[in-house]
Amino acid sequence: MYADVVFPLKLPPLTYRIPTGALSEYNGNLNGRIVKAPLRGRSTYGLVTSIMDKPEIGGGKNIKEIQGIHRHFASESTISFLKWLSDYYLSPMGVALKPYFFEEAISVSVHQKSGGEVKAEGTPAIQKPDVERNIEERRTLAPDIDLPSITQSLTAVCQGIKDKDYRSFLLQVPSIPLEHLFLNEVFNEAGSGIHGAIILVPEIGQIERLLSPLQGIFGERLCILHSRLTKREKIEAIQRVISGRSDVILGTRSAVLAPLKNISFIAVLSEHSPSYKGEEGLRYHGRDIAVMRGFIEGAGVLLSSICPSIESVYNSKIGKYTFLDARSWVVSHGTYQPKKKIKIINMRKSALKRRVISEEVFKEAKRLHLKKETLLFLVGRKGYSLIRCEDCNHILKCSGCHLPLVFYKSRDMLRCHYCGHEERVPESCIECKGFNTKPSGAGTERMKEELEGLLKTGPIIVEKGKGLLTEPRDRDSNLLSDFTPFVIGTSYVTRKLRDKMFDSAAILNIDALLSRPDFRAYERTFQEVMQVSQSVRTDGSTFLQTWHPENIVLRFIKSYDFDGFYKYELSQRDSLGYPPLSRIISFNILTNRETSKIMLDTQNIADGVRAHNNKNSGHHRHMGIDLLGPIEIPSPAKSYRHCIQILMKSRAKKAVHLAAKILLSRLGKLKGVRINTDVDPLKI
DNA sequence: AGCACGCCGACT
DNA sequence: GTCGGCGTGCTC
C-alpha cells in the first residue's frame with residue numbers, strides 16, 4: 001500500500017510506501033495522520049492525504065518508505081478543505097498546509113510523546129455570562145434599542161449553530177460598538193450550543209477590545225491567535241486547541257485555519273477590511289475562507305461591517321448570505337447618534353492660498369482650538385510633498401521603482417517610500433532641465449507647517465507646534481493624550497487610534513482616494529469615510545475636501561446612501577466586467593534576468609492560451625476569458641528587479657480557473673523566473 | 001524549506 | 001591554480 005504525503009513546503013503530495021503491518025495497526029486508515037518520511041535524504045514530517053494500492057504511474061521510480069506514524073491531525077473534511085484551498089488558490093498543496101499551523105502541530109506532537117491520540121478532555125463547562133455587564137453596556141450604547149426583528153434572525157444564527165445547518169449571514173451595523181454588542185448577543189443566546197468558534201478581527205489591535213467580554217463568556221476556553229505571537233506562544237496556543245482545552249479562538253486572518261476539531265460558528269468582524277487578504281504564501285482571503293470552511297464543516301458564519309464589501313452585499317443579494325440590516329439601530333436621543341454630519345467642501349470655491357486647506361476647515365480648526373477641542377486631519381502621505389516641474393509637469397520619480405519620490409523638507413531629502421532609496425533634491429528638472437520645480441500636494445509635514453502658519457496669524461496661538469503630530473508611525477500612541485488638539489496623520493491613524501474620539505475630522509484630499517488606479521477606489525473611499533466618521537463625536541462633522549464636488553460617490557457618501565452606492569457601483573462593475581461579476585487572477589513573473597527574452601516567451605504563451613480559450617468558448621462571447629498583458633510593472637518583490645504581469649478576467653468563474661491552470665503549467669516551463677499567482681487580488 | 005549542483009571573483 | 005559566493009533547481 002502507498003500513501004500520498006504533503007509536506008509544508010512548496011510541493012505537491014509525494015507518494016511513499018506504507019510499511020507492512022502499519023495499516024492494520026491503525027484500523028486501515030492513515031488519512032490525516034502526521035508521518036515522518038525521507039525527503040531529499042532527511043526525514044521530514046508530513047501529512048497523509050490519501051492511501052492507495054498502487055502508486056501513480058507518472059510519479060517517482062524509487063519510492064521510499066514512511067519512517068514513523070504519529071498523531072492524527074486532519075479530519076476528512078479538513079483534507080478536502082486543504083485540497084480545495086490548493087485548487088482554488090492555484091498553489092501546491094504543501095503551501096496550503098503551511099498556514100494550517102501544521103508546523104506548530106508537529107512541535108506539539110514531538111514534545112508530548114508521539115504516536116498516540118491525545119484524548120480530548122471534553123469541553124469545560126461554560127462560564128456564566130457576565131449578564132450585569134452586558135445590560136449595562138446595552139444601556140449606555142443604545143438605550144432604546146429595538147431588538148425584535150434582529151433577534152429573530154439572530155436566533156436563526158443560534159439555531160444554525162445547534163442544527164449544524166450551513167448558514168452565512170451578512171450584518172450591516174451603524175457602528176463598531178454595536179458590531180461588538182451584536183456578537184455578544186449571539187454568544188449570550190447561543191453560548192451553550194457553541195462547540196468550536198472562531199472570531200476574526202482585521203488587525204491585532206482590535207483583539208484587545210473584544211478580549212474581556214469574550215473571556216467573561218468563555219473563560220479558559222478562549223484562545224488568542226495571531227501572526228505576531230512568538231513561536232513558543234503559537235505552539236502553546238495550538239496545543240490548547242488540539243487538546244481541546246480551547247475551542248473558542250479570537251484572532252486575525254490566520255486564525256481562520258486553526259486546527260479545531262469541531263466548528264459551529266465563525267464570525268468575521270469588519271469583513272470589508274483589506275487586511276483579510278494575504279499578499280504572500282497562500283494568498284487567501286480570510287473572509288472567503290471563513291465562508292467556505294463554514295460550508296464544509298457545517299458552521300454558521302457571521303460577516304459584519306459598518307460598510308460591507310460590494311462582494312458580500314452581492315452575495316447576499318443572490319441568496320448566498322442572509323442579509324441582516326441593523327443600520328436602524330440608531331438611537332434618536334440618548335448619547336448615540338451614528339449618522340454624523342458629512343460636509344463636502346468645494347475647493348474650487350473655498351481653497352485658501354496654498355490650496356491644501358479650505359476656508360471651512362480652517363474656520364472649524366479655529367473654532368475648535370478656542371474651545372480646546374480636537375480635530376483630525378487626514379492627508380494622503382507622510383513627508384512634505386512631491387516635487388513637480390512647473391514647465392513640463394513631470395513629477396520626480398525613483399529611478400528604480402518608478403514611483404513618486406517624497407520630499408522631506410525637514411531633512412531636505414527625497415525619499416522613495418517603496419524601496420527606501422534617498423537622494424538630494426536635484427537642481428533642475430530631469431526631463432526638461434528647467435529650474436521651475438515646485439512642491440506639489442501635501443503630506444503630513446506640509447500640513448503641520450501650513451496649519452501652524454495659519455493659526456498663528458489669527459487670534460489663536462499655537463504653542464510652538466506642540467501637540468501637532470506629524471509622525472503617526474511613532475509606536476507610542478500614548479503621545480496622544482485626550483487633550484492633543486490636532487492630529488495630522490495618514491489614514492491608518494484611524495485604525496491605530498481607534499479609541500480616541502475627535503470633535504471633527506477632515507479628509508484633506510479625498511480626490512486622491514477617489515482617483516486611485518483601482519477598480520475598488522470608490523468602494524474603498526466609502527469605507528474610509530465611514531471608518532473616519534467612527535472616530536468623530538456625535539455632533540461633530542467630517543469634512544471632505546474635493547476639487548470635484550460633482551462626483552456621484554460623494555453624494556452617496558454625504559447622505560449615507562449605501563444602497564444607492566451599491567446599485568451604482570454594481571452597474572459600473574457589471575459594464576466593465578469587474579468583480580463580483582467576474583473573477584480576476586493575476587500572475588506575476590519575477591526575474592533578475594534580462595527581461596526582453598522572457599517578455600517574448602511570455603507573450604507567446606499568453607497568445608497560445610488565448611487561442612486555446614477562443615477555441616473552447618468562442619460562441620459565448622460574453623462568457624469569454626480576457627487575458628491582459630504581459631506587461632512590465634514595477635517589481636513588488638524586493639529580491640527581484642523585474643516583474644511581468646498577466647491578468648486573467650472572466651465572468652465564467654470556473655472556466656477562468658481552468659484556463660489559469662493551463663497558463664500556469666506553460667509559464668512553469670520558463671527558466672530563471674519565479675511565478676506568483678494571486679486569485680481575487682485586491683491590488684492590481 | 002533545505003541542500004546540492006554549478007559557474008564567476010580574490011586568495012594560498 | 002583553488003575556495004566559496006549564492007543563484008537555480010529538486011525533493012516520492
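All values derive from a computational prediction rather than experimental measurement. Proteins come first, then strands; the chains are lettered A, B, ... in the order of their sequence lines, and each starts at number 1. Hydrogens, waters and symmetry mates play no part in the numbers below; they use all other heavy atoms, side chains included.
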Closest approach to the side chain of [X], judged atom by atom: which nucleotide of [options] is it?
X      : options              : value
A:K98  : C:dC10, C:dT8, B:dA1 : B:dA1
A:R593 : C:dT8, C:dC12, B:dA4 : C:dT8
A:L14  : B:dA1, C:dT11, C:dG9 : C:dT11

Is A:D680 salt-bridged to A:K277, cutoff N-O under 4.0 Å?
no
Do the side chains of A:E103 and A:K231 get close enough for a salt bridge, i.e. N-O under 4.0 angstrom?
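The answer is no: the pair does not qualify as a salt bridge.
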Whole-Å gap separating [atom2] ([N]) and [atom1] ([X]):
X      : N      : atom1 : atom2 : answer
A:L11  : C:dT11 : CG    : P     : 9 Å
A:Y640 : C:dC6  : OH    : P     : 15 Å
A:Y16  : C:dC12 : OH    : C1'   : 5 Å
A:E65  : C:dT11 : CD    : P     : 20 Å
A:L97  : B:dA1  : CG    : P     : 13 Å
A:F7   : C:dC12 : CZ    : C1'   : 8 Å
A:L9   : B:dG2  : CG    : P     : 7 Å
A:K10  : C:dG9  : NZ    : C1'   : 11 Å

Passing candidate, side-chain contact (heavy atoms from CB on, under 4.5 Å) with A:V248, options A:L260, A:I199, A:I198, A:L214
A:I199
Using modelled atom types only, decide if a donor and an acceptor are shared between the side chain of A:T677 and the backbone of A:S91 within a distance under 3.5 Å.
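Such a contact is absent between A:T677 side chain and A:S91 backbone.
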Which part of the nucleic acid, if any, lies within reach of [X] when heavy atoms closer than 4.0 Å are counted: base, sugar-phosphate only, or nothing?
X      : value
A:R674 : nothing
A:R42  : sugar-phosphate
A:G672 : sugar-phosphate
A:P8   : nothing

On the six-membered ring of A:Y408, is A:R411 placed so that its NZ or CZ lies under 6.0 angstrom from the centre and within 45° of the ring axis?
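Judged by the rule (NZ or CZ under 6.0 Å from the ring centre, within 45° of its axis), A:R411 counts as positioned above A:Y408.
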